[in-house]
Structures are given as C-alpha cells and as structure tokens.
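The structure appears below as structure tokens.
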There are 2 protein chains.
Amino acid sequence: MVDVVKQLAGIPLFAGLSKSQYEALARIALRRSCRKGELIFSEGDAGTGFFVVLTGRVKIFKVSADGKEQILHLFGPGESFGEVSVFTGQGFPADAVTAVQSALLFFPRQAFGALIQQNPALALNMIAQLSRRLMQFAGLIEDLSLKEVPGRLAKYLLFLSETSAAGVMTLDVSKGQLASLLGTIPETLSRILAKMNRQELIRSRGAQIRILDRRGLEEIALEGKKL
Amino acid sequence: MVDVVKQLAGIPLFAGLSKSQYEALARIALRRSCRKGELIFSEGDAGTGFFVVLTGRVKIFKVSADGKEQILHLFGPGESFGEVSVFTGQGFPADAVTAVQSALLFFPRQAFGALIQQNPALALNMIAQLSRRLMQFAGLIEDLSLKEVPGRLAKYLLFLSETSAAGVMTLDVSKGQLASLLGTIPETLSRILAKMNRQELIRSRGAQIRILDRRGLEEIALEGKKL
DNA sequence: ACATCTCTTTGACTTATGTCAAAGCACTTT
DNA sequence: AAAGTGCTTTGACATAAGTCAAAGAGATGT
C-alpha cells in the first residue's frame, strides 16, 4: 500500500493531490501484472474501471473486419487509459494489449467515481487529461484524412527527433507497429523509408535513423510536398 | 439575464445544476450572433473561452495545405465547442465557422475556470462531455483508417435513418459537406451514391434518400463488403 | 552453429480514390 | 424569363497505396 502511494506521485492524472487523496486512491487501486501480448480488454467490453501503466507499454487499437489494425495510442509509464468508458457508461471503444511485459494499476469504476466527486482537483486533472487526448485525436484525424503517408511519417520522424538526443535516433516501436500507428501497412512504410533514404532526407539502418535534411522533411510533413 | 438562465437549462453540459449555478453561469456568459459563414476562431488562436450553440449550426474542421477540408464536428443547438483549449492552454486545434446564421453563448476562460472549480457537478458534466467526444473521435479515426468510403457512407446513412422518421430521410447537410464529413470529396461521394442507387441499396433524389436494403448497407458498413 | 521464427524488404500487380475539366441542375436576383 | 451563381454529376485520367508472393535479415533458443 505504501509503495503504491509512492508510485501514484509520478502520475500526471494524480498530480498535485494531497497525501490523504493519494491514500484514498491507493486504497482502491488493484495491481496487475501482464506479460507481453496480454489482452487487457476488448472493444465493447463493459468498462468496469480504468488503468494506469506503472511499467511497460500498452497498445490501444482498432481492428478492421479484414484484420488491419490502427493504433490509437501507445501508453507508457505514468499514463492512464480506459477512463472514457468509466464516464460514458458505454463499453470500451477499442482493444488494449500489452506491447511488452507490464505492470498496471486498476481503478474500479464505482470507487473511483466516488473519489472524483469529492476531489475537485482530481476532476480537473481528469478534464485536462481528456482535453489533451482529444487534441491528439484531432491531430490524428487530420493526418489520416489530409496527409499522405510520407507526410505522416515525416511528421513522426520530426517529432521523434525533438525527444531524442542529437544526431541518430532509434525507433521505439517495430516498423510494423509504426505502420499501424501511421495508418498504413509495413510494405508501404518500408517503401517510403527506402525512398527517403534515396533522396538523402534520412539515413536509416534498422531502427536507427538520422535526419539529413530537416527542411526537406518539414516540407513533406507540413506543406504536403511530394516525395 | 433571466432568459439566458432559461436557455442554459436545455444544455447537456449544464444538466442538473442548481438555480444559483445557472445564475452564476448566466452572469459570465456573453451572447454573440453570427451570420452564415462567419469565422468564430481559427486553428492556433489562443483559447480565451468556449462556446455553446443556442441556435443554428457550427462547423469545426481542419484544412490541408492544398485546401481539402475534414469536418471534425457539426454542432447544433445545446452543444458546446472549444472547451478543449480552455483546459489545455494551447490554441484551438481547428477552425470553427457558422454553417448557418447562429446565436452563440461565449464563456470566458478565467471566469468559467473559477466556476468549474467550485462546482463538482459541472466538472463531472464536462468530463462526461469530453469522454463522449473522445469516443466519437475514436470512431472517426477507425472509419478513416479502416473503412473505405462506401463503408463510411453506409454507416452514416444507417445512423441517419435511426434518427429520422420511417421511410424517406433528408440529408441535413449539403453533399459537399457530407463528403468532407466522411473524409472524401464531392465527386467520390456522388459516384458512390450513384452506385448504391444502381444496386438498389438506396433510392436517392437530391437530398431525399430512402433505404431499400438495410442489410446490404450493414454488410458494407460493418463487414467491409465491397460495393 | 544451426534451425526456427518473426519482422522487413522488394517486386509485380490491382484498385480505390483523387484530379481536372465540362456539363447539368437548382435557386436566387434582376 | 434571363442571367448569374453555386452545387452536383459524369467522364477520362493519374496515382497513392493496398495485395499477394517470395526472398532477405535479424533474433532466439537448442
């Protein structure tokens, strides 16, 4: 219990809460360990609560009738997921599986509902959280509808380069998963990477990628320039 | 002022609040009238507050570098928009224009922030609101990424038929706007409608559409069957 | 080192959807 | 009614991206 309190402190959703509020949260939280590839919930399952990632990584995704998948989110330590169906009362809107061995906290719906009603700060954190996610979704919708795959990839690479040290960066997901994140398939992604290499925009070998022509990538990502 | 209170009562975001809470909201709300096509905010504008539609209709959309638009939402009476940037502090994520002559209420950020901190019920309403919208976005992402245009159209028609009286239904947006809502262009939409007519799935003339083969549409919408 | 997987790349091909241009319709304005 | 304006439809065409199949590369375990 005590160590759960400690872990809660690093979670943005719970930022700035009082000690007693942490304890109240810790009291209702349930720990769960999942090995890689474990199904946490399926689309349509009744939302009996939501989760926080302590360690590992969880993939939230939709699957089409013929098996293609679109990743909606990849959540890492400190991030929460499944809140939405706690509040809409509808089933989960997508599937969730662990991408790697992971440790989760589960917050049951009823108990958490009671808590949030008495903690305005928690409610406001939740609002901020949902707002950020909505913004992110708006961006994904824009990308899927208005950009071509090279544009989405360029945007992703530029974004990744901000977070990573100078020079070389390393993809933190497999290329197949990256394809799904960008709303395409591995073959298409592979071809586009090859083309970007040929045009000296990037230099990639395996998961290592170095940006050679930042401006060129920006033109593709933002101005819709063709590859 | 008094009549503003009356109008607030019909707004889901404010459902179930007390009389004094309505009055507090009415005190900070500003009225605004917009004629058709008026720009309410642009992507990137600082979010100084959010809006509620009293009458009319507002279109929230993204535009690509080369002018194609993707509608994110069409909001009608009682619905609110622009909340997200109130809580993230970032600029508006998309553009908003009135689709027809409309009357809006504007809630300034600061004042509303103060209110929501003291009204747990209001905060919970906001959470429910954002959650619903997130779910809706997840559906749009799924459609854009995993369904083809005929599937999206079939889904839209089936959805519309639920809300409308038996038999014939009338499109409540122009076909150009419908195309933008479905993530495509008018030409493509037109061709697909023509094809659905030829295959006796629907019978459409102008904005009037009658569903002839519901099961057939469902196969296209849900099972990805080809047109 | 070898065999076995899984992931990635490449090639040839198909197809859905976008582009461009023109014609058709419907509505308003005069 | 005529003329203008903005939607919608249709046709011919271009192309981005998916499908299918096979080969290559990298890991992992025995």
Side-chain angles (χ1 to χ4, degrees), chain A residues 35-37 59 63-71 99-101 143-154 170-199 202-209 220 224-227, chain B residues 36-37 59 63-71 99-100 143-154 170-199 202-209 220 224-227:
Chain A
R35 57 188 181 294
K36 175 175 175 173
K59 171 172 84 169
V63 184
S64 74
D66 57 322
K68 188 185 170 191
E69 86 173 24
Q70 168 70 49
I71 296 178
V100 298
Q101 146 86 36
D143 291 349
L144 288 173
S145 173
L146 304 176
K147 285 181 171 47
E148 315 193 320
V149 182
R152 291 177 228 158
L153 175 59
T170 305
L171 290 181
D172 51 349
V173 289
S174 79
K175 292 193 180 162
Q177 292 297 284
L178 177 55
S180 170
L181 203 50
L182 298 177
T184 186
I185 57 172
E187 291 96 321
T188 297
L189 175 61
S190 185
R191 282 180 241 270
I192 292 172
L193 276 172
K195 204 162 180 181
M196 285 182 169
N197 270 292
R198 260 181 269 126
Q199 306 198 3
I202 60 173
R203 163 74 21 84
S204 78
R205 203 160 60 263
Q208 306 292 315
I209 300 184
I220 293 170
K225 202 188 137 204
K226 302 286 172 191
L227 235 197
Chain B
K36 176 175 175 174
K59 172 172 83 168
V63 183
S64 74
D66 57 321
K68 188 184 169 192
E69 86 172 26
Q70 169 70 49
I71 296 178
V100 298
D143 291 348
L144 288 173
S145 174
L146 304 177
K147 287 182 170 43
E148 316 192 320
V149 183
R152 292 177 228 156
L153 175 58
T170 304
L171 290 181
D172 51 350
V173 290
S174 80
K175 293 192 178 162
Q177 292 297 284
L178 177 56
S180 169
L181 203 50
L182 298 177
T184 186
I185 56 172
E187 291 95 320
T188 297
L189 175 62
S190 185
R191 283 180 240 267
I192 291 172
L193 275 172
K195 204 162 181 181
M196 285 182 168
N197 270 292
R198 260 180 270 128
Q199 305 197 4
I202 60 172
R203 162 75 18 86
S204 78
R205 204 159 60 263
Q208 306 292 315
I209 301 184
I220 293 169
K225 202 188 138 203
K226 302 287 173 192
L227 236 196

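Because the structure is a prediction, the values reported are computed rather than measured. To find a chain, count down the sequence lines: A is the first, B the second, and so on, and within it residues start at 1.
A side chain to side chain contact (heavy atoms under 4.5 Å, CB included) with L182(B) is found for exactly one of L153(B), I71(B), T188(B), L144(B), namely L153(B).
When all heavy atoms are compared, the tightest approach of R35(A) to Q101(A) is CA-OE1, 3.7 Å. Minimum heavy-atom separation, P186(B) to G176(B): CG-CA, 4.0 Å. Closest non-hydrogen pair, S180(B) versus Q70(B), comes out as O-NE2, 3.3 Å. Closest approach of L227(A) to Q199(A), counting heavy atoms only: C-NE2, 3.6 Å. The minimum heavy-atom distance between A154(B) and I220(B), with the atom names listed, is CB-CG2, 4.0 Å.
Without hydrogens or angle criteria, K175(B) side chain to E187(B) main chain gives no donor-acceptor distance under 3.5 Å.
The distance from atom CG of L193(B) to atom P of dT17(C) is 13 Å, rounded to the nearest whole Å. Look at NZ on K195(A): it is 19 Å from C1' on dT8(C), rounded to the nearest Å. Between D66(A) atom CG and dA16(C) atom C1' the separation is 14 Å, expressed in whole Å. Look at CZ on R205(A): it is 18 Å from C1' on dC7(C), rounded to the nearest Å. At whole-Å resolution of the value, CG in L171(A) and P in dC7(C) are 15 Å apart. Straight-line distance from the CD atom of E148(A) to the P atom of dA16(C): 18 Å, rounded to whole Å.
Between K226(B) and E187(B), the one whose closest nucleotide on DNA chain C sits nearer the 5' end is K226(B).
Note that the first and last nucleotides of DNA chain D, 5' to 3', having any atom under 4.0 angstrom from a heavy atom of chain B are dT8(D) to dA12(D).
Side-chain contact check for M196(B) versus S204(B): every heavy-atom pair is 4.5 Å or farther apart.
Summarising the geometry, atom CZ belonging to R152(B) is positioned 11.5 Å from atom CG belonging to L178(B); distances are rounded to the nearest 0.5 Å.
A donor-acceptor contact under 3.5 Å links the side chain of R191(B) to the base of dT19(C).
Against DNA chain C, the stretch residues 173-186 of chain B makes heavy-atom approaches under 4.0 Å through G183(B), T184(B), I185(B).
For T188(B), a side-chain nitrogen or oxygen approaches OP1 or OP2 of dG18(C) to under 4.0 Å.
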